[in-house]
Amino acid sequence: MKIGNLTLNGVAALAPMAGATDRPFRELCCSFGAAYCVTEMVSTRALQYNYKKTQELITLGEKEHPVAIQMFGDDPLIFASAAKRAAAAGPDVIDINMGCPVPKVTKNEAGSRLLLDPDKVYDVVSAVSKAISRPLTVKIRIGWDDDHLFAVENAKAIEAGGGAAVSMHARTKAQAYTGNAQENWHWLKKLTENVNIPVIGNGDVKTPEDAKRMIDETGVTAVMMGRAALGN
């Protein structure tokens with residue numbers, strides 16, 4: 001699999017999880033064969049102001065590459081400035097979070113709140129892709145709720161804005177982490193049929209058999225495991 005000019009040796013990636021995917025855990029997953037890892041999400045505003053805690057979150061180890069630093073925020077210009085700071089930490093990829101369903105994030109127009117506005121998705125991705133020289137990826141959900149399912153529109157906006165790949169959690173923001181994401185895997189197939197950049201599938205991949213079935217049924221290029229990797 002290729003993300004821009006980066007080649008991944010495998011199809012199993014570690015999803016970003018706040019409070020979980022710290023450097024020791026990422027390195028552990030890489031030692032067991034993860035082809036790609038993503039940091040805990042960091043605030044673009046905190047990056048801009050160089051907060052100590054944020055610097056700790058983006059400190060990378062030699063044994064965890066290829067790795068992406070994930071950012072969340074709401075303003076395209078601040079995103080671009082923060083991306084430059086994040087890139088200076090030495091990640092292989094910069095990733096944008098557009099999937100977090102937590103109210104303290106969405107109430108600030110960040111995370112999955114961006115999924116309601118494909119035009120703003122494009123503006124954010126375009127601003128960041130022009131500001132950095134390494135591949136840019138975006139993590140999304142299928143939509144805000146069952147009445148606002150803009151996965152395809154958002155994926156197209158990501159591709160048009162310069163995104164090198166899109167990963168999608170097959171749940172809505174309203175579902176958070178409830179329900180059965182496998183029932184929504186058909187949305188991953190819609191993405192693979194509508195964009196030309198790699199699609200990474202996420203959501204209730206709990207076993208190797210799940211991963212194979214997701215790839216076979218949806219055409220995703222890789223799979224991303226989150227909570228199923230914890231404690232296993």
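These numbers come from the heavy atoms of this one structure, side chains and all, not from hydrogens, waters or symmetry mates. What you see is a predicted model, and the numbers here were worked out from it, not measured in a lab. In what follows, residues are counted from 1 in the order of the sequence shown.
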Calculate, to the nearest 0.5 Å, the distance between atoms [atom1] and [atom2] belonging to [X] and [Y] respectively.
{"X": "Ser133", "Y": "Lys84", "atom1": "OG", "atom2": "NZ", "answer": "11.0 Å"}
{"X": "Leu191", "Y": "Ile142", "atom1": "CG", "atom2": "CD1", "answer": "10.5 Å"}
{"X": "Cys100", "Y": "Arg113", "atom1": "SG", "atom2": "CZ", "answer": "14.0 Å"}
{"X": "Met17", "Y": "Met41", "atom1": "CE", "atom2": "CE", "answer": "13.0 Å"}
{"X": "Lys173", "Y": "Leu114", "atom1": "NZ", "atom2": "CG", "answer": "13.0 Å"}

For residues 194-202, run the donor-acceptor check on the side chains, cut-off 3.5 Å, and write out each pair with its distance to 0.1 Å, sequence neighbours left out.
from   : atom 1 : to     : atom 2 : distance (Å)
Asn194 : ND2    : Lys190 : O      : 2.7
Asn202 : OD1    : Lys139 : NZ     : 2.7
Asn202 : ND2    : Met224 : O      : 2.8

Hey, does [Y] have a side-chain heavy atom less than 4.5 Å from the side chain of [X]?
{"X": "Asp117", "Y": "Tyr122", "result": "no"}
{"X": "Pro101", "Y": "Tyr177", "result": "yes"}
{"X": "Leu136", "Y": "Ile96", "result": "yes"}
{"X": "Lys2", "Y": "Leu8", "result": "no"}
{"X": "His186", "Y": "Thr218", "result": "no"}
{"X": "Val125", "Y": "Val138", "result": "yes"}
{"X": "Val121", "Y": "Phe150", "result": "no"}
{"X": "Pro16", "Y": "Glu40", "result": "no"}

For [X] against [Y], the heavy-atom pair lying closest together:
{"X": "Ala80", "Y": "Ala131", "answer": "O-CB, 3.7 Å"}
{"X": "Ile140", "Y": "Ala151", "answer": "CD1-O, 4.2 Å"}
{"X": "Leu230", "Y": "Ala20", "answer": "CD2-CB, 4.0 Å"}
{"X": "Gly90", "Y": "Arg134", "answer": "C-NH1, 3.9 Å"}
{"X": "Pro118", "Y": "Leu115", "answer": "CD-O, 4.5 Å"}
{"X": "Gly161", "Y": "Ser129", "answer": "O-OG, 2.8 Å"}

Inset, instruction - Report the C-alpha distance between Leu60 and Thr39 in whole Å, list the side-chain angles of each, state the deciding distance to 0.1 Å, and finish with yes or no for side chain to side chain contact (heavy atoms under 4.5 Å, CB included). - result: CA-CA 9 Å; Leu60 306 174; Thr39 68; 4.0 Å; yes
Inset, instruction - Please test Gln182 against Arg213 for side chain to side chain donor-acceptor pair (under 3.5 Å), starting from the C-alpha separation and ending with a verdict. - result: CA-CA 10 Å; Gln182 295 189 11; Arg213 185 164 64 85; 2.4 Å; yes
Inset, instruction - Determine yes or no for a side-chain-to-main-chain donor-acceptor pair under 3.5 angstrom, with Thr59 supplying the side chain and Gln55 the backbone. - result: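 Yes; at least one donor-acceptor contact below 3.5 Å.
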Inset, instruction - Answer yes or no: is there a donor N or O on one side and an acceptor on the other, between the side chain of Asp210 and the main chain of Val205, under 3.5 Å? - result: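 No, the answer is negative, given that no donor and acceptor are paired below the 3.5 Å cut-off.
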Legend entry - Test side chain to side chain donor-acceptor pair (under 3.5 Å) applied to Arg26 - qualifying residues, sequence neighbours left out: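 Side chain to side chain donor-acceptor pair (under 3.5 Å) check on Arg26 returns Glu64.
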Inset, instruction - Go through Ile3 and Tyr36 one step at a time and tell me if the side chain to side chain contact (heavy atoms under 4.5 Å, CB included) criterion holds. - result: CA-CA 11 Å; Ile3 299 177; Tyr36 175 58; 4.2 Å; yes
Inset, instruction - Decide side chain to side chain contact (heavy atoms under 4.5 Å, CB included) for Leu188 and Met214; before the verdict, give the C-alpha distance in whole Å, the side-chain angles of both, and the deciding distance to 0.1 Å. - result: CA-CA 9 Å; Leu188 292 165; Met214 176 184 276; 3.6 Å; yes
Which residues pass the salt bridge (charged side-chain N to carboxylate O under 4.0 Å, His left out) test with [X], sequence neighbours left out?
{"X": "Lys63", "result": "none"}
{"X": "Asp204", "result": "Arg171"}
{"X": "Glu183", "result": "none"}

Inset, instruction - Among residues two or more places apart or on two chains, list those pairs meeting salt bridge (charged side-chain N to carboxylate O under 4.0 Å, His left out) that have a residue in residues 42-57. - result: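 Listed once each, the pairs are Arg45-Asp74.
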Inset, instruction - State whether a side-chain donor-acceptor pair under 3.5 Å links Thr137 with Asp95. - result: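 The answer is yes; a qualifying pair exists.
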Inset, instruction - Apply the test side chain to side chain contact (heavy atoms under 4.5 Å, CB included) to residues Val93 and Leu6: give CA-CA distance (whole Å), side-chain angles for both, the deciding distance (0.1 Å), then the verdict. - result: CA-CA 8 Å; Val93 174; Leu6 175 68; 3.6 Å; yes
Inset, instruction - Test the Arg85-Phe79 pair against the cation-pi criterion, namely NZ or CZ under 6.0 angstrom from the six-membered ring centroid and within 45° of the ring axis. - result: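 Negative - Arg85 is either too far from the ring of Phe79 or too far off its axis.
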Legend entry - Greater than 12 external heavy atoms within 6.0 Å of Tyr49's OH: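 For Tyr49, atom OH is not crowded (no more than 12 foreign heavy atoms under 6.0 Å).
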